[in-house]
Number of protein chains: 2
Amino acid sequence: MADQLSTVFAALADPTRRDLVARLTVADATVGELAAPYDMTVQAVSKHLKVLEDAGLVTKGRRAQTRPVHLEAEVFDLMTAWIERYRRQAEERYQRLDVVLAELNESEIEKEAAS
Amino acid sequence: MADQLSTVFAALADPTRRDLVARLTVADATVGELAAPYDMTVQAVSKHLKVLEDAGLVTKGRRAQTRPVHLEAEVFDLMTAWIERYRRQAEERYQRLDVVLAELNESEIEKEAAS
DNA sequence: CGTTTATTCAACCGATCGGTTGAAAAGGAA
DNA sequence: TTCCTTTTCAACCGATCGGTTGAATAAACG
């Protein structure tokens with residue numbers, strides 16, 4: 001299978017799945033309950049939940065015939081870690097750029113002073 | 001087109017595109033330079049860069065025949081905002097659950113004390 | 001000018017995606 | 001047991017995806 005970061009990003013690339021995640025932050029819910037609001041079959045929602053489950057974003061319990069779905073929010077950390085790592089790296093680069101520009105400016109000033 | 005969050009998540013769901021973003025945090029680079037390390041045609045990389053561009057993660061300049069690619073790190077904020085919003089919501093929910101469990105525990109203790 | 005270099009456009013291909021319908025499985029309830 | 005409810009499995013469909021090859025574009029260089 002693909003790496004987890006890829007499956008997590010891919011899982012959240014779909015608006016229906018993001019909405020499912022959003023609703024699961026409020027409370028656990030069964031597949032049927034989760035499917036109700038959408039204009040699609042319960043099978044389609046079941047598939048979406050499987051994608052979220054494969055990404056590790058969600059787990060399913062078992063109570064009677066029903067499968068209560070539970071959000072596993074720790075996986076968010078994986079994405080946050082990736083995003084923040086490269087954001088920080090990009091910011092550091094811009095800071096270095098600022099230094100370079102400042103130095104350029106200084107030597108410009110020196111040239112000005114020398115002329 | 002799809003909403004920006006969807007396109008950004010989808011763009012980063014591909015490992016090659018994540019690697020491109022990672023490399024662009026170090027320095028701007030031309031399409032050819034970016035394509036060199038991968039075992040795929042330059043056209044394929046050009047397509048990947050177009051996906052990143054459509055997601056707003058990258059812009060292309062124009063210098064001679066070459067198109068220097070530049071990372072636009074601000075779009076990261078969009079994802080971070082979404083992730084953090086629901087992470088916080090999930091955490092609050094668990095805190096509420098903790099309160100409920102604590103209250104249950106207290107009444108258990110009261111029962112114990114009463115017996 | 002014609003040539004070379006860098007990039008994109010267009011068409012194609014197999015695989016995956018998001019949805020459907022229909023059947024199967026598994027657990028209560030009568 | 002039989003029936004009903006919940007969920008999943010399987011097959012199918014059109015659309016998109018990630019890659020290819022080949023041609024078009026655009027700017028520098030001889």
Side-chain angles (χ1 to χ4, degrees), chain A residues 1-24 27-72, chain B residues 1-24 27-72:
Chain A
M1 213 200 303
D3 59 299
Q4 189 176 11
L5 209 43
S6 292
T7 64
V8 172
F9 277 124
L12 295 179
D14 184 277
T16 302
R17 288 194 292 260
R18 281 202 306 278
D19 192 57
L20 286 168
V21 167
R23 290 171 57 205
L24 285 168
D28 291 0
T30 68
V31 178
E33 288 165 351
L34 290 168
Y38 306 115
D39 187 22
M40 71 179 75
T41 63
V42 64
Q43 290 99 314
V45 174
S46 179
K47 269 195 187 181
H48 279 305
L49 289 169
K50 182 159 195 317
V51 174
L52 291 174
E53 195 176 14
D54 290 346
L57 280 160
V58 132
T59 54
K60 295 200 191 100
R62 189 179 288 255
R63 194 158 49 203
Q65 312 101 306
T66 179
R67 313 289 314 274
V69 182
H70 176 77
L71 183 68
E72 300 290 338
Chain B
M1 212 203 302
D3 59 297
Q4 191 177 10
L5 252 186
S6 292
T7 64
V8 173
F9 277 124
L12 295 179
D14 183 276
T16 302
R17 287 193 294 258
R18 281 201 306 280
D19 192 56
L20 287 167
V21 167
R23 290 171 58 205
L24 285 168
D28 292 1
T30 68
V31 178
E33 287 166 353
L34 289 168
Y38 306 115
D39 188 22
M40 72 179 74
T41 64
V42 64
Q43 290 97 316
V45 175
S46 179
K47 269 196 187 180
H48 279 306
L49 289 170
K50 182 161 196 317
V51 173
L52 292 173
E53 195 176 13
D54 290 346
L57 279 159
V58 132
T59 53
K60 296 199 190 100
R62 189 180 287 256
R63 194 159 49 202
Q65 313 100 308
T66 178
R67 313 287 314 274
V69 182
H70 177 76
L71 184 68
E72 299 291 337

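Values in this document were obtained by computation on a predicted structure and should not be read as measured data. Order of the sequence lines fixes the chain letters, A, B, ..., with proteins taken first and strands second; residue numbering starts at 1 for each chain.
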Would you list the pairs meeting side chain to side chain donor-acceptor pair (under 3.5 Å) in which at least one residue belongs to residues 41-53 of chain B, sequence neighbours left out? B/Arg17-B/His48, B/Lys50-B/Asp54, B/Glu53-B/Lys60
Nearest heavy-atom pair of A/Met40 and A/Ala44: which atoms, and what distance? SD-CB, 3.7 Å
Would you check if B/Leu57 and B/Leu12 make a side-chain contact, meaning some heavy-atom pair closer than 4.5 Å? yes
Does any residue of residues 16-24 of chain B have a heavy atom under 4.0 Å from DNA chain D, and if so, which ones, in number order? B/Arg17
Mind listing the residues from residues 60-71 of chain B sitting with a heavy atom below 4.0 Å of DNA chain C? Number order is fine. B/Lys60, B/Gln65, B/Thr66, B/Arg67
Close approaches to DNA chain C from residues 39-53 of chain B, in residue order (heavy atom, under 4.0 Å): B/Gln43, B/Ser46, B/Lys47
Looking only at heavy atoms, which two atoms of B/Leu24 and B/Val69 are closest? And how far apart? CD2-O, 3.5 Å
Salt bridge between B/Asp28 and B/Arg23, side-chain N to carboxylate O under 4.0 Å? no
Once side chain to side chain donor-acceptor pair (under 3.5 Å) is applied, do any residues pair with B/Thr66, and if so which ones, sequence neighbours excluded? none
Taking all atoms of both residues into account, what is the closest heavy-atom pair of B/Val58 and B/Leu71, and its distance? CG2-CA, 4.2 Å
Between B/Ala11 and B/Ala55 the two heavy atoms that sit nearest each other are CB-CB, 4.0 Å
What range of DNA chain D does chain A touch, first nucleotide to last, counting atoms under 4.0 Å from its heavy atoms? D/dT5 to D/dA11
Answer yes or no: is there a side-chain heavy-atom contact under 4.5 Å between B/Arg18 and A/Leu5? yes
To check you understand the geometry: which heavy-atom pair defines the closest contact between B/Thr16 and B/Tyr38, and what is its length? O-OH, 4.0 Å
With a 3.5 Å cut-off and no angle check, do the side chains of B/Asp3 and B/Ser6 form a donor-acceptor pair? yes
Here the gap from A/Thr59 atom OG1 to A/Arg67 atom CZ, rounded to the nearest 0.5 Å, amounts to 10.0 Å
